[in-house]
Asks: 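The structure under discussion is supplied below as structure tokens; questions concerning it will follow.
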Amino acid sequence: MDFNFIDLSIIVFKMTTPIYDFVKKYSESGAARFHMPGHKGVSLIGCEEFDITEISGADVLYSANGIIAESEDNLSRLYGSAHSFYSTEGSTLAIKAMLALVSERKGDERPLILAARNVHAAFVRAAALLDLDVEWIYPNEEEHLCRCIISPRDIQIAVERSDRRISAVYVTSPDYLGNISDIANLAKTCKKYGIPLLVDNAHGAYLKLLPEDMHPITQGAAMCADSAHKTLPVLTGGTYLHISPDYPEYAERARGALSLFASTSPSYLTLASLDLCNKRLSEDYPEKIRALAERSVELKAKITSLGYKICDGEPLKIVIKADESLAHHLREQGIEPEFSDGYYTVLMLTPENSEADFERLLSALSSFDPSSLAVSAEPIAPKPHRAEMTIREAVLSPCEIIAVEHSEGRICASPTVSCPPAVPIVISGERITAEDVRLFIHYGIKTVSVVK
Ligand SMILES: Cc1ncc(COP(=O)(O)O)c(C=O)c1O
């Protein structure tokens with residue numbers, strides 16, 4: 001990857017931390033808390049004093065005009081968006097909001113989304129709630145469940161073949177195995193047809209900080225969902241919904257779309273961590289990410305020299321082709337990978353990993369024999385299925401839970417996933433095939449919900 005240095009002009013503004021300052025000041029005030037949460041700031045695990053609710057001055061997440069609005073403005077400037085919104089309920093919420101924003105109903109017309117098939121289950125659940133139709137783009141070759149890189153030509157063919165208006169194109173990039181799509185060219189093609197490009201960028205909040213800015217908003221996407229908590233120093237659930245300056249109309253309606261699915265009790269612990277993270281992003285983090293990307297190149301070279309097969313892709317993931325014995329060995333050495341499915345072992349790095357972590361990893365890999373790995377052919381990702389009913393009809397139909405061994409020929413009701421990677425093997429409304437049953441078993445799925 002060719003790294004040019006990050007354009008620091010985006011981060012030359014005075015960075016404030018209004019949410020963190022507010023909760024800290026409040027926790028130090030000694031106020032008698034006649035409000036939620038029930039722990040009243042008394043410590044059970046050590047963080048309760050910062051865990052507050054929407055008291056006076058604390059703003060309200062989905063009608064923000066105080067400290068949360070100020071903090072989101074900081075974030076928007078960092079990412080160069082029309083506006084960036086916080087979610088404390090993960091990309092799971094931000095994905096639903098993105099889809100709601102593009103699914104305005106025009107008369108009897110049903111919204112249709114063109115999506116690469118490796119979606120996270122959150123997409124399918126959103127399609128059920130919003131009653132969306134989906135046209136899937138499948139990989140051209142046999143692929144792993146998590147991978148489905150589509151090309152501008154795939155979009156062109158699908159759009160020109162369709163006799164319906166397409167509400168949005170939807171891709172997952174980076175995917176769980178570190179593959180990054182060519183968002184710039186996909187976005188160009190989408191713009192040509194006047195279709196917004198939505199990106200599940202759950203794994204890519206840090207892409208903004210690479211010397212070559214690879215963030216979907218910079219690359220031309222209309223919106224994206226970034227699980228900041230996956231790759232930045234943010235508490236679990238902390239997420240960004242970014243809206244491109246080219247699509248300001250979505251920014252006006254985004255809080256409404258988020259609140260359609262969100263809890264009215266956002267976590268102020270998570271909000272404060274999102275707020276503080278802005279400060280890190282404006283200070284040392286671009287440099288730390290750049291240094292880590294360089295270190296990652298060295299680590300991958302070293303691991304390759306030990307005899308392992310490493311996949312190309314994201315700088316902050318090390319993806320090793322390996323059966324489960326490698327993950328087992330790493331756990332025995334006190335190293336917990338992000339994901340392992342018998343085909344790949346995925347390790348996620350951030351600047352919060354220490355050099356000692358990397359030494360430990362190299363030492364553990366050195367004490368294992370890579371030639372002992374029985375890396376079988378990749379599982380074949382789902383082939384095109386015929387939908388027997390809409391996703392919503394299937395999810396809301398009377399259903400029963402049966403053993404996967406008996407599921408062939410039945411219609412899938414709720415999305416059935418192993419988590420991670422939470423990529424559905426069959427989509428709700430599709431008839432389950434023998435191949436799907438094989439994949440269920442491979443991913444340790446024992447039961448499946450089918451339409452009665
Ligand atoms: C590709 C992808 N999209 C979306 C999500 C959901 O993100 P979150 O856990 O932030 O709700 C995940 C979670 O792992 C994911 O891997």
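Everything numeric in this text was worked out from a predicted model, so none of it was measured. Basis for what follows: all heavy atoms, side chains included, without hydrogens, waters or symmetry-related copies. Both ligands and their constituent atoms are indexed starting at 1 by order of listing.
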Asks: Name the closest protein heavy atom to atom 16 (O) of ligand 1, giving the residue it belongs to and the distance to 0.1 Å.
Replies: His203 NE2, 2.8 Å
Asks: In the protein, which heavy atom is nearest to atom 15 (C) of ligand 1, and how far is it?
Replies: His120 CD2, 3.4 Å
Asks: Among all protein non-hydrogen atoms, which one is nearest to atom 14 (O) of ligand 1, and what is the separation to 0.1 Å?
Replies: Lys230 NZ, 2.8 Å
Asks: Tell me the protein heavy atom at minimum distance from atom 8 (P) of ligand 1, and give that distance in Å.
Replies: Ser91 N, 3.4 Å
Asks: Relative to the heavy atoms of Thr172, which atoms of ligand 1 are at a distance of less than 4.0 Å?
Replies: 1 (C)
Asks: Is any side-chain heavy atom of Arg165 closer than 4.5 Å to a side-chain heavy atom of Ser167?
Replies: yes
Asks: Under 4.5 Å between any side-chain heavy atoms of Val451 and Arg410, yes or no?
Replies: no
Asks: Can you list the atoms of ligand 1 that are under 4.0 Å from a heavy atom of Ser227?
Replies: 7 (O), 8 (P), 10 (O)
Asks: Which heavy atom of Ser181 sits nearest to which heavy atom of Ile149, and what is that distance?
Replies: OG-CD1, 3.8 Å
Asks: Which residue and atom name correspond to the protein heavy atom nearest atom 11 (O) of ligand 1, and how close is it?
Replies: Thr92 OG1, 2.6 Å
Asks: Can you tell me how far OG of Ser259 sits from CZ of Phe85, rounded to the nearest 0.5 angstrom?
Replies: 11.0 Å
Asks: Check Asp200 against ligand 1 and report side chain, backbone, both or neither, counting heavy atoms closer than 4.0 Å.
Replies: side chain
Asks: Kindly compute the distance separating CD (Glu283) from CG (Asn278), expressed to the nearest 0.5 Å.
Replies: 10.5 Å
Asks: For the residue pair Ser71 and Asp275, confirm or rule out a side-chain donor-acceptor distance under 3.5 Å.
Replies: yes
Asks: Show the atoms of ligand 1 that are less than 4.0 angstrom away from any heavy atom in Gly90.
Replies: 8 (P), 10 (O), 11 (O)
Asks: Are any of the side-chain heavy atoms of Ser244 and Met223 separated by less than 4.5 Å?
Replies: no
Asks: State whether the shortest distance between N or O atoms of Glu89 and N or O atoms of ligand 1 falls below 3.5 angstrom.
Replies: no
Asks: Only one of Ile55, Ile67, Ile52, Leu269 forms a side chain to side chain contact (heavy atoms under 4.5 Å, CB included) with Val23, so which one is it?
Replies: Ile52
Asks: Answer yes or no: does an N/O atom from Tyr176 fall short of 3.5 Å to an N/O atom of ligand 1?
Replies: no
